[in-house]
Structure formats: structure tokens, C-alpha cells
Amino acid sequence: MDLSGVGIWSTHLRYGNPGKAAEAAAELEDLGFTALWIPDIGGGPILDTAERLLASTTKVTIATGILNLWLNDAADTAARYASATEAYGERLLLGIGCSHAPIVDAKAAVRYSKPLSATKAFLDAIDDAPRPVPIENRLLAALGPKMLELAATRARGAHPYLATPEHSGQARQTLGEGPLLAPEQTVIFANDRAQARAIGAEWLRTYVVLPNYANNLVRSGFSENDLSEISDRLFDATIAWGDEDAIVQRVKDHRSAGADHVCIQVLTADQREFPREQWRRLAAAFA
């Protein structure tokens, strides 16, 4: 799998109209993005979506960012991975994560508990499957040191979400030089701060109330007031806004800190619409 360059992280490809998503995926491949990342926010058939995107493309990597381990069976996941690989080649990168207690407890039959142990157990189960998911074809959603250490030994590397370049530097130190580091970076094309905040402030608020993200941001030096108020300092650190130059610089900052591949999530005023114009602008900027 080619995970150089930049990728696109998109809820639209996962939850949008399937026909439009397939068409958009084919264009994103033509535009030169090396990976397309799809979330598993509240469960559901994420591997069905991944296979549709694989079928609509020819070479781009399709990555789950992430498959919620509480809401997916390990043996079934391994079997589905094997069948997708047989059909489309080794283009499916399985991002696996423990999600967040409020989401899991509302959806799963079991209560969220001991996420590190649960992740190890899920990895053990896919390793014990008749056709295991190769270590080099899976990543872990990892923010804290212990999960990053697990990602370095039991997966190809780590996929941090809501990550800053400073976190990328910390993650690289923990991972060491070999493992893949593929952070997500949210971006907004905006003329000024007011426009950017009008698009992104409430979106960011939905994430900082989740314990895993809140704890990681506090570890990174942000205060409880930064989180509760969505301070400009927090907003600017987690969301790259402005023109193409500002976004390209943020990706460069991640890379300078140790990231190998950065997957970009575009926010727009109407988040129901596929941001295809913005994706084209990004492709031109990174060409």
C-alpha cells in the first residue's frame, strides 16, 4: 500500500449517498490522493462501505479510521478482510480502535471497559482467525503512550485523530522510527477566524466532550477552560484554517514532527454536501 503523500478522511464517503461516494472516490484517486479514510462513528456495516469504495477505484488505499472494535466481531472482520483482499488486492488498511465510552455504552451489548485490554483481545482474535489480518495491513487508533506502544508492536503503526503536530512529535518518539504514523488533520477554507469558527467551533465541541480526546488534549497542555470555551488557542491547534498555503503548512508541520501520511478532513458550512471543490483545491495545492 502506498501511504506516502496525503489522504482524505471523509464522513461523506462513509455515510453519504453511495452512488455519489463511489463517484467521488474515483475522482479522489484520479486527483492523486493515496488513501481514502472512512469512520465508524456509531457502528454499522463499515466493511460494506469499504468494499464499495474498493470496487469504484483501482489503486488507492481504502482505510477504516476506525473500525469500532466493540461493535464488530473479530472473526467476521478477519474473514471480510480476507475476502476483500482476494477481490481487490491488498488495498484495504484496517484501522482498529476502541472508540469512546459514551458511544459504545449507547450501542454495544457490553459496557466500555479497559480499552487497552479490549484492543489486545481483538488483535488476538484476528490473529487466531483462519485467515488473519496481516500486521502490516492494520493500524490502531492511538493517542496515549500505552496505546501507541501497542500500535508499534501489534500493528503497522498508529492513526491519531484530532491530532496536533506537537502530538505527532510525541507519538513519533513513542512509536520509534519504524512504525507508520498517519494522523488526521481537520481543515477549513476560510477568509478569517470568524468564518472558520462559524463552521468548526460546534463541530469541535462534539469531540472535546469525549473523554479520550479531552484527556489527550489536557496531556498536550490545554486547560479545561480551553476545552469548555473552545478557545482560539485550541481551535487553531486542532483545525488548520485559511487558504491552501495555511493547510499545506500544517501538513508540513506534521511531517516535520514525524508523521508519514496525513489524512485531511474538510469541513464546510454545509456538512451534508460532498466538499468536492475543496478536495480539488487541495489536490492542486499538494500536486
Side-chain angles (χ1 to χ4, degrees), residues 6-16 24 28 33 36-42 65-66 97 99-100 102-103 141 143 159-168 182-254 257 259 262-286:
V6 296
I8 291 294
W9 197 104
S10 173
T11 58
H12 304 84
L13 296 176
R14 171 74 167 93
Y15 298 110
L28 288 167
F33 294 104
L36 308 180
W37 297 74
I38 55 173
D40 190 20
I41 296 169
I66 49 76
S99 187
H100 308 272
I103 295 173
L143 294 171
H159 171 51
Y161 185 90
L162 204 67
T164 64
E166 290 74 21
H167 182 270
S168 288
E184 175 270 348
Q185 176 61 61
T186 301
V187 308
I188 299 171
F189 285 96
N191 297 322
D192 53 41
R193 183 187 301 280
Q195 183 184 19
R197 286 190 65 96
I199 293 171
E202 287 307 310
W203 174 90
L204 182 56
R205 192 179 302 279
T206 66
Y207 283 98
V208 299
V209 297
L210 296 171
N212 294 358
Y213 294 133
N215 293 339
N216 185 61
L217 291 167
V218 170
R219 277 197 305 269
S220 298
F222 295 97
S223 69
E224 296 292 345
N225 283 341
D226 285 323
L227 273 63
S228 63
E229 298 173 3
I230 309 297
S231 68
D232 286 346
R233 174 172 172 258
L234 175 66
F235 189 89
D236 293 351
T238 53
I239 299 176
W241 61 268
D243 60 8
E244 285 88 339
D245 289 344
I247 293 169
V248 168
Q249 184 58 53
R250 180 65 62 88
V251 170
K252 288 181 178 178
D253 292 342
H254 277 288
V262 180
C263 41
I264 299 174
Q265 178 177 191
V266 177
L267 297 186
T268 61
D270 185 353
Q271 295 183 29
R272 298 168 298 179
E273 293 295 323
F274 285 70
R276 296 182 68 167
E277 176 187 348
Q278 290 81 3
W279 289 339
R280 292 165 188 149
R281 289 175 64 180
L282 287 173
F286 285 103

Got a sec, which residues hit side chain to side chain donor-acceptor pair (under 3.5 Å) with Gln249, two or more places apart in sequence or on another chain? Asp253
Can a donor-acceptor pair be found, under 3.5 Å and without considering hydrogens, that links the side chain of Arg193 to the backbone of Asp236? no
With a 6.0 Å cut-off on the ring centroids, do Trp279 and Phe33 count as close? no
With distance as the sole test, does Gln185 use its side chain to make a donor-acceptor pair with the main-chain N or O of Thr164 at under 3.5 Å? no
Under the rule for side chain to side chain donor-acceptor pair (under 3.5 Å), what residues qualify as partners of Ser231, not counting sequence neighbours? Asp226
To the nearest 0.5 angstrom, please state how far the CD atom of Glu224 sits from the CD atom of Glu229. 11.5 Å
Given the options Leu143, Asn212, Leu234, Leu217 meets side chain to side chain contact (heavy atoms under 4.5 Å, CB included) only with Leu234
If you round to the nearest 0.5 Å, how far is OG1 of Thr238 from CH2 of Trp203? 7.0 Å
Will you find, in the side chains of His254 and Ser168, an N or O donor that is under 3.5 Å from an N or O acceptor? yes
Just wondering, do Ser10 and Leu36 contact through their side chains at under 4.5 Å, heavy atoms? no
Is the shortest heavy-atom distance from the side chain of His167 to the side chain of Pro183 under 4.5 Å? no
Verify whether one side chain among Trp241 and Asp192 offers a donor that lies under 3.5 Å from an acceptor in the other. no
Hey, could you give me the CZ/CG distance between Arg233 and Asn225, rounded to the nearest 0.5 Å? 11.5 Å
Heavy-atom closest pair (Arg250 atom, Pro165 atom, distance to 0.1 Å) is CD-CG, 3.6 Å
Residue pair Phe222, Val208: steps toward the side-chain contact (heavy atoms from CB on, under 4.5 Å) verdict: CA-CA 11 Å; Phe222 295 97; Val208 299; over 6 Å; no
For the residue pair Gln271 and Thr268, what are the closest heavy atoms and their distance? CG-O, 3.1 Å
Please assess Ile66 against His159 for the test side-chain contact (heavy atoms from CB on, under 4.5 Å), listing each intermediate value before the final yes or no. CA-CA 8 Å; Ile66 49 76; His159 171 51; 3.9 Å; yes
Between Phe274 and Ala24 the two heavy atoms that sit nearest each other are CD2-CB, 4.0 Å
CD1 of Ile230 to CG of Leu204, rounded to nearest 0.5 Å, is 4.5 Å
Relative to the ring of Tyr213, is the ring of Tyr207 parallel (under 30°), tilted (30 to 60°) or perpendicular (over 60°)? perpendicular
Going from CD1 on Ile188 to CD on Gln265, what distance comes out if it is rounded to the nearest 0.5 angstrom? 10.0 Å
Nearest 0.5 Å, please: how far is CG in Leu267 from CZ in Phe189? 11.5 Å
Keeping the roles fixed (side chain from Asp243, backbone from Ala246), state whether a donor-acceptor pair exists under 3.5 Å. yes
Yes or no on side-chain contact (heavy atoms from CB on, under 4.5 Å) for Glu244 and Phe286, after CA distance, side-chain angles and deciding distance? CA-CA 9 Å; Glu244 285 88 339; Phe286 285 103; over 6 Å; no
Without swapping roles, check the side chain of Arg280 against the backbone of Pro275 for a donor-acceptor pair under 3.5 Å. no
Main chain of Thr186, side chain of Glu184: is a donor-acceptor contact present, judged purely on distance under 3.5 Å? yes
Leu282 vs Val6, test: side-chain contact (heavy atoms from CB on, under 4.5 Å). Steps then yes/no. CA-CA 10 Å; Leu282 287 173; Val6 296; over 6 Å; no
Without swapping roles, check the side chain of Arg14 against the backbone of Pro39 for a donor-acceptor pair under 3.5 Å. yes
